[in-house]
Structure formats: structure tokens, C-alpha cells
Amino acid sequence: MSEYGIDGLRLPDRHEIEQLMYRYAKAADQADVEHQLTVFQDDCRLRVSGSEWVEGTDAIRTMLQGALSRYVRTSHAVTNISIDFAGTDLAYAESLVTAWHRGVDGKEWTLHGRYIDTWTRRTRGWKIQTRELIAAG
């Protein structure tokens with residue numbers, strides 16, 4: 001077995017990235033923005049369904065705080081994770097997200113979408129460099 005895992009699959013790297021995806025979803029459901037931010041590089045970018053890119057963790061913090069303040073409960077499920085490595089410290093990932101929301105007004109709705117991510121590995125390990133959420137409808 002090489003340092004990249006069985007037949008070059010890079011299983012330890014895949015596992016780390018997958019766990020960070022789950023950490024992000026769990027933190028969202030706990031309305032813990034600071035924990036959500038731990039999966040991003042400091043110089044990251046985030047775009048939600050065609051909006052403008054939000055750049056840097058400070059701007060993303062503000063955006064997430066505003067978004068989460070509209071909900072009393074959420075439940076995020078991340079599935080169908082696909083990861084392709086483009087080098088030692090660069091990976092592209094796509095996953096499906098189903099996110100149920102209950103607003104402060106009591107109304108409920110569910111988002112079905114895809115996360116399109118670029119992951120980079122630096123001294124703090126794998127983190128999201130760019131994330132785009134594309135709503136499926």
C-alpha cells in the first residue's frame with residue numbers, strides 16, 4: 001500500500017474531506033457558524049445559487065449568521081460525495097445536499113442541491129477553497 005492508499009485511491013485524504021463535509025452540515029444544524037468556518041481556508045470563496053461570490057471567512061461569517069438567524073431548525077444531509085484529486089494538495093469534490101428548514105415564522109421548506117467544491121491542503125490540513133451551492137429547483 002502506498003502513502004496514497006490502495007491503488008492510489010488516497011483513502012486517508014478522501015476520509016478527511018468527507019468528514020469535513022459532514023462537520024459543516026452538523027455545524028449548520030447546530031447554528032454554529034464558527035464551527036462551520038473551520039472547514040474553510042481563510043482566503044476562501046462561497047457562492048449560493050448564482051449570487052455573487054462571498055470572499056474570505058469574515059464575509060462568509062456575516063452571510064452565514066444572517067442566513068441561520070432566519071431558521072429555528074435545520075437538517076442537512078450530504079450524500080453522493082465524489083472526489084477527484086488534481087495533485088498532492090488539490091481536490092475537486094461534488095456532493096448532493098438535502099436541507100430541511102423551519103423558519104422563525106413556522107414555515108418549512110426543503111432545498112435540494114449540489115455542493116461544487118475545490119479543496120486545498122495547507123498546514124492546517126484539507127479545507128474548502130471554493131464552494132458553490134447550486135439549487136436543483
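What you see below is based on every heavy atom in this structure, not just the backbone, and it leaves out hydrogens, waters and symmetry mates. Count residues from 1 along the sequence.
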Task: D117 side chain reached by I17 side chain, heavy atoms, under 4.5 Å - done: no
- [ ] Kindly write out the residues that satisfy side-chain contact (heavy atoms from CB on, under 4.5 Å) with D89, not counting sequence neighbours, or none if the list is empty.
- [x] R121
TODO: Would you confirm whether D105, through its side chain, and K107, through its main-chain N or O, come within 3.5 Å as a donor-acceptor pair?
DONE: yes
Open item on the list: Does R73 have more than 12 heavy atoms from other residues, nucleotides or ligands lying within 6.0 Å of its CZ?
Closed with: no
TODO: For G103 and V72, work out which heavy atoms get closest and say how close.
DONE: O-CG2, 3.8 Å
TODO: Report yes if some heavy atom in the side chain of R124 is under 4.5 Å from a heavy atom in the side chain of D42; otherwise report no.
DONE: yes
Task: Same apolar cluster: L20 and L96, side chain cutoff 4.5 Å - done: no
Can I get a per-line list of side-chain donor-acceptor pairs under 3.5 Å for residues 76-85, giving both atom names and the distance, sequence neighbours left out?
residue: H76; atom: ND1; partner: D29; partner atom: OD1; Å: 2.7

Open item on the list: Under the rule for side-chain contact (heavy atoms from CB on, under 4.5 Å), what residues qualify as partners of R70, not counting sequence neighbours?
Closed with: A67
Open item on the list: As an exercise, state the distance from CD of E16 to CH2 of W126, rounded to the nearest 0.5 Å.
Closed with: 8.0 Å
Task: Stepwise side chain to side chain contact (heavy atoms under 4.5 Å, CB included) test for V39 and R131 - done: CA-CA 11 Å; V39 306; R131 167 164 278 184; 5.7 Å; no
Open item on the list: Whether the side chain of Q41 engages the backbone of T130 through a donor-acceptor N/O pair (distance < 3.5 Å, no angle test) should be reported.
Closed with: no
Task: Separation between CD of E94 and CD1 of I134, rounded to the nearest 0.5 Å - done: 7.5 Å
TODO: Check the pair R45 / I60 against side chain to side chain contact (heavy atoms under 4.5 Å, CB included), numbers first and verdict last.
DONE: CA-CA 8 Å; R45 298 184 333 142; I60 291 173; over 6 Å; no
Open item on the list: Taking ring-ring contact (aromatic ring centres under 6.0 Å, His included) as the definition, give me every residue that meets it alongside F40, ordered by chain and number, with sequence neighbours left out.
Closed with: Y24
TODO: Consider only side-chain heavy atoms of I, L, V, M, F, W and Y, link residues closer than 4.5 Å, and tell whether W109 and V104 are in one cluster.
DONE: no
- [ ] Check for a donor-acceptor pair, side chain of K127 on one end and backbone N or O of T120 on the other, with a separation under 3.5 Å.
- [x] no
Task: Distance, nearest 0.5 Å, that separates CG of L64 from OG1 of T57 - done: 10.5 Å
Task: Partner residues of S69 under the side-chain contact (heavy atoms from CB on, under 4.5 Å) criterion, sequence neighbours left out - done: none
TODO: Using the rule that two of Ile, Leu, Val, Met, Phe, Trp, Tyr join whenever any of their side-chain heavy atoms come within less than 4.5 Å, decide whether Y92 and L9 are in one cluster.
DONE: no
Task: Side chain R10, main chain T88, donor-acceptor under 3.5 Å - done: yes
Open item on the list: I need the I128 CD1 to L46 CG distance, nearest 0.5 Å.
Closed with: 8.0 Å
Task: Gap separating the CG atom of L111 from the OG1 atom of T98, nearest 0.5 angstrom - done: 8.0 Å
Open item on the list: Would you say NE2 of H15 has more than 12 non-hydrogen atoms from neighbouring residues, nucleotides or ligands within 6.0 angstrom?
Closed with: no
TODO: Give, for atom CE of M63 and atom CD of E55, the distance between the pair rounded to the nearest 0.5 Å.
DONE: 12.5 Å
- [ ] Decide whether V97 and Y22 are clustered together by the hydrophobic rule: side chain heavy atoms of Ile, Leu, Val, Met, Phe, Trp, Tyr closer than 4.5 Å, transitively.
- [x] yes
TODO: Please tell me if the side chains of W119 and D13 come closer than 4.5 Å, counting only heavy atoms from C-beta onward.
DONE: no
Open item on the list: Looking at A135, is its backbone amide N or carbonyl O close enough to the side chain of S49 to form a donor-acceptor pair, meaning the two atoms are under 3.5 Å apart?
Closed with: yes
Task: Pairing residues for R61 by the side-chain contact (heavy atoms from CB on, under 4.5 Å) criterion, not counting sequence neighbours - done: V33, E34, L37, D58, Q65
